Structures are given as structure tokens and as C-alpha cells.
Enquirer: 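Handing you a structure now.
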Amino acid sequence: MAAFPNNTLRSFKPLSPTFNSSTVRNSVLARNSISQVPSSTGAVSAKEKRSFPGKPEADVVVIGSGIGGLCCAGLLARYQQDVLVLESHDLPGGAAHSFDIKGFKFDSGPSLFSGFQSKGPQANPLSQVLDALGETIPCASYDSWMVYLPEGEFLSRIGPTEFYKDLEKYASANAVREWKKLLDAILPLSAAAMALPPLSIRGDLGVLSTAAARYAPSLLKSFVQMGPQGALGATKLLRPFSEIIDSLELKDPFIRNWVDLLAFLLAGVKSNGILSAEMIYMFAEWYKPGCCLEYPLHGSGAIVDALVRGFKKFGGRISLGSHVEKIVVANGRATGVKLRSGQFIRAKKAVVSNASMWDTLNLLPKEVVPKSYLDRTKTTPQCESFMHLHLGFDAEDVRKDLGIHHIVVNDWDRGVDADQNVVLISVPSVLSPDLAPPGKHVLHAYLPGTEPFDLWKGFDRKSSAYKELKAERSEVMWRAVERAVGPGFSREKCEVKLVGSPLTHQRFLRRNRGTYGPAIQAGKDSFPGHSTSIPQLYCCGDSTFPGIGVPAVAASGAIVANSLVSVSQHSELLDAIGI
């Protein structure tokens, strides 16, 4: 499942002077209210009680309800573990949640998906988790996105042949030849890249049974089918994708730029920093016959709702508005957490942190953190942060052929990871009209992990200087929106205008420096595993293997869950879901 970057902010302060800021506070934040307001997912909210609901213990306590945390918690509940998820905010989902403003339902994070309907061993990790939980997500299918490049603007279609037409018109005959050469080389490798289901992996020697022995025949078959040359290429699956590009001697500027863009959208790094396996998996989903893109009906929040439903179906508990202040370590082991209220929640088997590696470190008592753990965390480079623009507007005056997704690249020479250079735009109400009032559209534009946090550090969010900087740094998004939506679009007529900065990102997602995640480059370093140097403390999410992106964090949550149960339980689950 490929996705636009998936670490985004929870809510925004409005720019429009006619918009009541209390509306945002009451509908999105409301962390300290004790009024009786039911959660859309049926979870227990901080608005219902000041004290912690239910028994203050569980087999496993999960900190954070992002995609990774919910996948981990859901599978553990499916494994008949007593699981409690603690979420600081009053909406579950972390970066993937959605929120409502004046009848407009906004995505806050991922919006470009594929693979929801896939089943079996080659299905994407999130689909496998949902299958294990007995949940499905109705989707609208489509096959294209608009791109606005220095070479021109065109509707880019996925599939094995359509992109050739775009290359002929906007690039060159040589680009066509090189693209064919690339697909011919890597699509056969997808069998090897997808032969080992992520749900089969665990973090102990039991993986020899659940993965290696179980799927050795299919791996061997894929190598035989590829032949000697293909099998040699398969050895590069855990190397940077740029090595495959270089070995094929692909030199066309458009092809190399396009591949960098795809890599950056998938994982926040260019082709020289992403694992070949991850890119090949994406190519298999986007450039094979019969492929399509999918958008969840009712918004990306439907994914969160499905994960929460499945989790609760198997007895899981989620407490919203429960801010974890500290991870408690006793006798050298993680034994639970302490809430901001002062209450201790005991974890009988494990604590799982779905927070970033830096934020997890800040939850630990300094005296128990090994120097190696501290040094690794502090020296890991970070991706930059985000700028966001959420808009609600009338559909009457905008182009009638408006598509859901738009990507604007202003200057290839600056690189797709340069600040203020690439803008991503999603208009999900095109495919799911219920996300906006009748005759209206919702829109989310953002700078994908390229906004420097240091530009914003130290600003008072209430100051005029902060507002001026927001206006200045959001202008590139406004211009991109005007280009994508058409000449009938008017900034002044927007009914909702919300701008988020890296400080917003840091504040509401509780992300260190508002970061997108670790800037770990394949071939130079690797993402940390899921166990830690502190017994009974595990981590999942974008700070752990396999890395950034919806498929990756879903896989990380599954790996942790599998690692906390027996090999026999794990194997029984794989049998039950047919992989």
C-alpha cells in the first residue's frame, strides 16, 4: 500500500477571521472537558471521566494509537491478550486520524492508497492486519493523479502501458526505453520481494518457523522463475534502489527524477536512501496489469475506525485523553506507565511505544537508559517537518474534471527533498462526497516532510511574527492549489482555512521537532529493531524497521505483536487468514 507521507498534524488554528476558533478547540482537542460526548469510534474519551476508565492494568500497554500502535494492539487482542491503548488526544489514529470542522471532514495524513482489496501472502501489511481482525474498508477505485512538472502538466495513469504515452510527450524516446528497461528488470523481482508476508515475521528465533521454513518453497520457486540474472538482482532487495538504477545504466534525467519523486512520496528519502524491496513492492502495485489506486469511502479516518472496531471486537480497550508522562522501569524491566494524572498503569507482559524514538527516550527515566541506546537515538538524523493547508470551499466555481490527487514539482534541479519545492494536494470529496456539505469540497495540501523546523524554533504561536511566517511559508501551497483547482477558485471564498506549521505538528502530534521520522538511508544505516535494551519495552511505528509509510508502520506493529506470543499462536493466525 503506497501512501503519501503519513505523519501529519492533528488540528490547526484557523486563519479566517470569520471562523470561531472555539469550534476547533471543542470538536478536535477538548482534552480536559468532562462533558458527555461519545467518541465516533466508541472509545472511552477523557471527556467522560477525569479518572482512568477500567482496571489500571493489562498484559500489554500500548502508548499511542497511530496505525502502527493500533495494528500491534489489534493483533495482540486477536491473540487473546489483554491490551490497553493509551492515547493522549481525544481522537484515535495519530497522524492518520480525521477531524470535522463546520461539516467538512478532513484527512490529516495519508491519502494515496492501494492494495486494500488484496488478499493472501502478497497482500500489503495493513490489509493483512485488517483481514486478521475481520474488518474490510469500502473504497473508491481510480487509476490516475495529476502532476505539474517543469516539463508540463498531465494526468499520470498507473498500469504497465499508460505511462509510456506521458513519457513520449513530456520526456523523450530515450525515457520510454529506459522506463521499459526498468520495469522489465524489477517487476520479476517483485515475486521475491513479496514472497515473505510481513505478517509472518517476528523478532525472535521463532521466525525460522513462521517465516523461513513456512515460505521457503515459495521463495525458492520465485528464484527459479527469475533465472540466474533475476536471482542475482534479488540479492539487492535490501540495498538502496539507486544501485539497481545505476546497474541498469539509466541516465535519462526525467526517469531519475521521477523515481526520486516516487521514493520520496513513499518513504521520505530519494532513491539512494530507500530499500529496493520497498520500491519494488510499490512498482508491483502501481505498474502491473489490472492495478488501481483506492481511496477509503468516508475518508482515511475509516481506516482508523476499522482498526479500532477490530481491536475492540477482540476485547481490546482504548483510553483517549490519557497522556503518558513516563514509562516506569522497575528491577531493570518496563513494568507500566505513569499518566499525567499521576495514576500508574501496570503492564504485566510488555509496554509498547508507538511514539517516535526521540519521544520514547524522553518518556524513560534517565538513569535507566543505556549509553548505547541514548547515543543511537540522539545521533539518528531526522527528516524535516510539514506545512499544511486544509480548505473547505464551494465546488460550483472550480473545474468540473477535478481529480482527487495532484502533485506539484517546481524545480527538479533543487531536488524533491528541497524545502518549498514539492506540494501534495488531495481533494478526497471528489470520490467520497460525504466528506463535505452538499456542493462543497474538502482539500488538504502539504509540504511533505521538507519544512525546516529551525525556521520556526522559538516563535510564540500567538505573535504577529508567527502569523506572518505562516502566511509567507504557506504561499507556495496556495499557489499550487490555485493551479490545481482552476481559475474559478478563490482564497477569499473558502469557508474553512487552516494553516499548520512545524510547531503545530510538534504540539499536537507530540513529535520531536515536528519531524516526519528518522532520515535513515538504506545501505548506510538501518532502522532499529523492535525490542529495546530495556526488557519488556518494545517500539513500533516509523522509528523502527521497516521505516516510514503506512505499509511499513503496519508491518512494524504486526512484528511486535507476533513477537509477544508463542510460535504456535502465530502460526495458527497465519493459517486462519490463509497466508
Side-chain angles (χ1 to χ4, degrees), residues 3-10 12 66 94-96 108-112 257 260-274 355-359 361-362 377-390 407-425 444-459 461 466 469-478 480 499-522 524-525 527 541-544 547-550 552-553:
F4 281 169
N6 69 322
N7 293 90
T8 49
L9 66 164
R10 174 158 303 278
F12 309 89
S108 67
S111 57
L112 180 61
N257 285 331
D260 271 347
L261 178 63
L262 294 178
F264 190 73
L265 296 180
L266 185 62
V269 291
K270 295 193 291 188
S271 61
N272 63 351
I274 192 171
S356 77
M357 62 196 308
W358 303 280
D359 296 292
L361 177 64
N362 290 335
T377 303
K378 288 195 170 183
T379 58
T380 298
Q382 292 183 341
C383 295
E384 293 290 2
S385 190
F386 287 78
M387 288 290 297
H388 294 262
L389 182 64
H390 280 83
I407 299 179
V408 178
V409 179
N410 293 310
D411 185 351
W412 286 126
D413 290 339
R414 294 191 63 219
V416 295
D417 53 354
D419 69 307
Q420 301 271 295
N421 193 32
V422 175
V423 181
L424 308 182
I425 300 169
H444 177 205
Y446 55 101
L447 305 179
T450 58
E451 182 66 7
F453 181 82
D454 286 341
L455 285 177
W456 300 83
K457 191 175 180 180
F459 272 88
R461 291 180 294 101
Y466 176 66
L469 186 59
K470 283 213 298 186
E472 174 190 335
R473 300 295 290 183
S474 64
E475 181 61 27
V476 66
M477 295 186 291
W478 281 108
V499 175
S501 75
L503 297 186
T504 322
H505 207 105
Q506 178 188 46
R507 180 187 179 202
F508 290 112
L509 273 191
R510 306 192 186 283
R511 298 279 296 187
N512 183 271
R513 292 171 56 85
T515 183
Y516 179 25
I520 294 175
Q521 293 203 340
K524 295 182 179 179
D525 201 352
F527 277 84
D542 58 25
S543 289
T544 63
I548 293 174
V550 170
V553 298

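All figures in this text were calculated on a predicted structure; none of them were measured in a lab.
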Enquirer: Given side-chain contact (heavy atoms from CB on, under 4.5 Å), test Leu503 with Phe459 step by step and report yes or no.
Expert: CA-CA 9 Å; Leu503 297 186; Phe459 272 88; 4.1 Å; yes

Enquirer: Considering non-hydrogen atoms only, spot the tightest contact between Trp456 and Ser501 and give its length.
Expert: CZ3-CB, 3.6 Å

Enquirer: Of Glu451, His388, Arg513, which is the lone residue that meets side chain to side chain contact (heavy atoms under 4.5 Å, CB included) with His505?
Expert: His388

Enquirer: Any side-chain heavy-atom pair from Val423 and Leu447 closer than 4.5 angstrom?
Expert: yes

Enquirer: Under the side-chain contact (heavy atoms from CB on, under 4.5 Å) rule, what do Leu265 and Leu424 come out as? Steps first, then yes or no, please.
Expert: CA-CA 9 Å; Leu265 296 180; Leu424 308 182; 3.5 Å; yes

Enquirer: Between Asn421 (side chain) and Gly415 (backbone), is there a donor-acceptor pair under 3.5 Å?
Expert: yes

Enquirer: For the CG atom of Asn257 and the CG atom of Asp413, what is their distance to the nearest 0.5 Å?
Expert: 8.0 Å

Enquirer: Rounded to the nearest 0.5 Å, what separation is found between the CG atom of Leu262 and the CD1 atom of Ile407?
Expert: 8.0 Å

Enquirer: Hey, mind stepping through Asp260 and Trp412 against side-chain contact (heavy atoms from CB on, under 4.5 Å) and telling me if it holds?
Expert: CA-CA 10 Å; Asp260 271 347; Trp412 286 126; over 6 Å; no

Enquirer: Find the distance between OG (Ser543) and CG (Asn512) and round it off to the nearest 0.5 Å.
Expert: 9.5 Å

Enquirer: Would you kindly say whether Asp359 and Ser356 are connected by a side-chain donor-acceptor distance under 3.5 Å?
Expert: yes

Enquirer: Contact between Phe453 and Thr515 at the side-chain level, heavy atoms closer than 4.5 Å - yes or no?
Expert: no

Enquirer: If every non-hydrogen atom of Met357 is compared with every non-hydrogen atom of Thr377, which pair is closest and at what distance?
Expert: O-CG2, 3.5 Å

Enquirer: For the atom pair CZ (Arg511) and OG1 (Thr504), what is the distance rounded to the nearest 0.5 Å?
Expert: 15.0 Å

Enquirer: Would you please classify the geometry between the Phe386 ring and the Tyr516 ring as parallel, tilted or perpendicular, with 30° and 60° separating the classes?
Expert: perpendicular

Enquirer: In Å, rounded to the nearest 0.5 Å, how long is the span from CG of Asp417 to CD of Glu384?
Expert: 10.0 Å

Enquirer: Can you name the closest pair of heavy atoms from Pro502 and Met387 and give their distance?
Expert: CD-SD, 3.8 Å

Enquirer: Is the shortest side-chain heavy-atom distance between Leu266 and Ile274 below 4.5 Å?
Expert: yes

Enquirer: Can you check whether Asp419's main-chain N or O pairs, donor with acceptor, with Arg414's side chain at less than 3.5 Å?
Expert: yes

Enquirer: Of the non-hydrogen atoms in Tyr446 and Ser111, which two are nearest, and what is the gap between them?
Expert: OH-OG, 4.3 Å

Enquirer: Identify the heavy atoms of Gly94 and Leu509 that sit nearest to each other, and give their distance.
Expert: C-CD2, 3.9 Å

Enquirer: When rounded to the nearest 0.5 angstrom, what is the spacing between OG in Ser271 and CG in Leu261?
Expert: 11.0 Å

Enquirer: How far apart are the closest heavy atoms of Pro518 and Cys383, and which atoms are they?
Expert: O-SG, 3.7 Å

